[in-house]
Number of protein chains: 2
Amino acid sequence: MADDGDGERIALLRFVERFALTLREAGLAPMPARVLAYALADDADRYTAGDLARGLGVSPAAISGAVRYLVQVGFFVREREPGTRSDLYVLDDQDLWSRFVSAELTSLDRFVQAIDSGVEVLGVERPGGRRLAETRDFMAFLRVEMTGVLARWPAERARLAADRGEVTSRRSG
Amino acid sequence: MADDGDGERIALLRFVERFALTLREAGLAPMPARVLAYALADDADRYTAGDLARGLGVSPAAISGAVRYLVQVGFFVREREPGTRSDLYVLDDQDLWSRFVSAELTSLDRFVQAIDSGVEVLGVERPGGRRLAETRDFMAFLRVEMTGVLARWPAERARLAADRGEVTSRRSG
DNA sequence: AAGAACATTCACAACATCGTGAAGGGTGTG
DNA sequence: CACACCCTTCACGATGTTGTGAATGTTCTT
């Protein structure tokens, strides 16, 4: 039975690495990616820095920077249990990925802004300027649409939860 | 007047660097980012590898890998003028950024797939598995919504073009 | 009040990545 | 048929990044 636990542990860590790789492709740094993947996949709902270090088998130093980033971006919320001398990192289940996409929106804004300044300098008369203007328009469009998508998520989320709650084994519509 | 040309050239290259930086944040490698930014911002609608190398002031070797990537992703289309011995790279104006987002969709698919395998291994009964399942659901939702957004773009694009075409100096309404 | 446990910061070594320069193919031209 | 041109590939130096280990500071226990 101890073997079962170990096996699951290994499976979990393997998955964490795989998932972290995907997160890295999405723009996260390696260690934040690992920490986030681990915190999501393991069963606790709050972790100390030490938990994360031991769980992942990495040095506490590596955790420090990772959690700082994850808190800043909004994946983690830093908490403190009274009478404990270590911070607790709990992932903000509710808006977790909405936050992530919101951050992307900011990035989109920078995009639009950067291109806009280029259009100003080059002028829309030239072919290059025209292309840039179209690119900017698309990014702006995307930004608006994404906002709408985010707004629709809570309802969809509730719908999914309701479906799961009402009939667990239903297969079709 | 030669100074004007040089000044514009410098301004263009400065913008290219700035824009390329934003593109890198969006996931592109440095050189592809520069090449794409330059091809968009400069006035030609087709470039040889040599054009890009000279225009950016980098070695032809650096261009080679960049255009290969950009062609693969769909930003560039490789063409060949009869009687010429150099390939021409022309940016596919029409679907340029739609393609880009489409690529992101594929990335989202990998996301969903990676998480899904994790859910299988860990099971949805455990808190970790449940969290993963919710993450997967969000990503899947995002994927569907993004497809819709892309579908809406052509109409919006046409609308913007019509607005610009009909009245150039209109400010409101 | 001294000590222990914990997290953070800093400097460093390992690692990966990037772009250049030189060498190598393939294709028209004289 | 040799040459010139252009692009590609390869190996290397430079640069940036990552994660560890040691040192530091801080907070609770004894």
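In what follows, chains carry the letters A, B, and so on, assigned in the order in which the sequence lines appear, proteins first and then strands, with residues in each chain numbered from 1.
- When side chains are defined from C-beta on, Tyr89(B) counts as touching Arg78(B), because their heavy atoms get closer than 4.5 Å.
- The distance between atom CG of Asp87(A) and atom P of dG25(D), rounded to the nearest whole Å, is 19 Å.
- Separating the CZ atom of Arg34(A) from the P atom of dT17(D) is a distance of 17 Å, rounded to the nearest angstrom.
- Using a 4.0 Å heavy-atom criterion, one finds that Ser86(A) contacts the sugar-phosphate atoms exclusively.
- Picking from dT20(D), dC18(C), dT9(C) the nucleotide with the shortest atom distance to the side chain of Val58(A) gives dT20(D).
- For the pair Leu150(A) and Ser102(A), the minimum side-chain heavy-atom distance is below 4.5 Å.
- Residue contacts for Arg78(B): at a heavy-atom cut-off of 4.0 Å it reaches the sugar-phosphate backbone alone, with no base atom in range.
- The CG-P distance, from Leu52(A) to dA7(C), rounds to 9 Å in whole Å.
- As judged by a 4.0 angstrom heavy-atom cut-off over every strand, Tyr89(B) is placed among residues touching the sugar-phosphate backbone only.
- Spacing between atom CZ of Arg24(A) and atom C1' of dG19(D) amounts to 12 Å, rounded to whole angstrom units.
- Here dT8(D) presents its P atom at 13 Å from CG of Leu70(B), a figure rounded to the nearest Å.
- Applying the 4.0 Å criterion to OP1 and OP2 of dT9(C), one finds that Arg68(A) has a side-chain N or O inside that range.
- A salt bridge does not link Glu125(A) to Arg130(A): none of the charged side-chain nitrogens sits closer than 4.0 Å to a carboxylate oxygen.
- Within the 4.0 angstrom heavy-atom criterion, only backbone atoms of the sugar-phosphate kind lie near Pro30(A); the bases stay farther away.
- The distance from atom OH of Tyr69(B) to atom P of dG19(C) is 14 Å, rounded to the nearest whole Å.
- Here dC6(D) presents its P atom at 13 Å from CG of Leu88(B), a figure rounded to the nearest Å.
- Ala62(A) comes within 4.0 angstrom of a base, heavy atoms only.
- Side-chain N/O atoms of Arg85(B) include none lying less than 4.0 angstrom from OP1 or OP2 on dT29(C).
- Taking the charged nitrogens against the carboxylate oxygens, Arg157(B) and Asp137(A) have no contact shorter than 4.0 Å, which rules out a salt bridge.
- Between Glu156(A) and Arg159(A), at least one side-chain N (NZ, or NE/NH1/NH2) sits under 4.0 Å from a carboxylate O, which counts as a salt bridge.
- Between Ala61(A) and Arg80(A), the one whose closest nucleotide on DNA chain D sits nearer the 5' end is Ala61(A).
- Atom CE of Met31(B) and atom C1' of dT15(D) are 14 Å apart (whole Å).
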